[in-house]
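Every number for a ligand or one of its atoms is a count from 1 in the order of the listing. If you're wondering where the values come from, they're calculated on a predicted model, not measured in any experiment.
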Amino acid sequence: MQLSDGFPKGFKYLPGYFSSEEQKELIDTLRHLIKEAPLFTPVMPRTAKPFSVRMSNLGALGWVSDKGGYRYQPLHPESGQAWPDIPEVLLRLWNKVGDCSAAPEACLVNYYAETAKMGMHQDRDEKTFEAPVVSVSLGDTAMFRLGGVKRGGPTQSLKLNSGDVVVLGGESRLCYHGIDRILGGSSSLLKDGGRLNLTLRRISPF
Ligand code: MD6
Ligand code: FE
């Protein structure tokens, strides 16, 4: 089922896309990958204020933020190592739901402890907006806020549960969005609680 009523064109909300068995396998895979590319705490450009979310990346390029700005880079900022490959299961997801002929180049991994959140933002550090951003939620439920392409317009709130997939493509690609809060204890998928969000992205024009 694909719910699209009331959502911007090109936005897809695919609740329960991954079964609980598939979610467990994905978490096992991610646990190994995060050992190779540990979560780090990015800081805001200029102010150096730390994000409440911890991050890592998979793929040829990874999104980082530090005093110098936001950018994509091929190496982990702390270990200096290349990011691990994006696992097959996520490449398959992109091919199924992304409506895009080019492969993803980055998978941003965001870890939210119970108190973490993410302010309203657009994903616009990519060099192309032709490709969508495909997002997977795992672990505790999040309150996701979706706005329009202009800051300050009307917004709607959506609960993202473990296993849900969201696609920001087409006209919705540059919609503002953020995470208002995490519902702590709502899932037992992650041993230590909290939420993982994966976002698959294409950076280069194709
Ligand atoms: C999150 N998601 O779900 C934050 N970005 O934790 C995002 O920032 C996001 O869900 C682009 C496309 C889909 C998303
Ligand atoms: Fe985003």
task: Let me see the working for Leu91 and Leu93 under side-chain contact (heavy atoms from CB on, under 4.5 Å), right down to the final yes or no.
output: CA-CA 5 Å; Leu91 298 176; Leu93 168 69; over 6 Å; no
task: I would like to know whether Glu114 and Asp140 meet side-chain contact (heavy atoms from CB on, under 4.5 Å); could you show each step before the answer?
output: CA-CA 8 Å; Glu114 283 187 17; Asp140 283 343; 4.3 Å; yes
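To the nearest 0.5 angstrom, Met143 atom CE is 14.5 Å from Lys117 atom NZ.
With no hydrogens or angles considered, a side-chain donor-acceptor pair links Tyr72 and Glu126 at under 3.5 Å. Under the 3.5 Å distance criterion, with hydrogens and angles disregarded, no donor-acceptor pair is assigned to the side chains of Arg54 and Thr41. A donor-acceptor contact closer than 3.5 angstrom is absent between the side chains of Asn57 and Trp63.
Every pair passing side chain to side chain donor-acceptor pair (under 3.5 Å) that includes a residue from residues 157-166 is listed here, sequence neighbours excluded: Gln23-Ser162, Thr141-Asn161.
If you look at ligand 1, the protein residues with a non-hydrogen atom under 4.0 Å away are Tyr112, His121, Asp123, Val133, Ser135, Phe144, Leu168, His177, Ile179, Arg195, Asn197, Thr199.
Note on the Fe ion (ligand 2): protein N/O/S atoms under 2.8 Å are His121 NE2, Asp123 OD1, His177 NE2.
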When the side chains of residues 187-196 are checked against the rest of the protein, which donor-acceptor pairs come out under 3.5 Å, sequence neighbours left out?
| residue | atom | partner | partner atom | Å |
| --- | --- | --- | --- | --- |
| Ser187 | OG | Leu189 | N | 3.0 |
| Arg195 | NH2 | Ser137 | OG | 2.8 |

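Annotation for Cys175 and Leu168: closest pair O-CD2, 4.0 Å, computed over non-hydrogen atoms.
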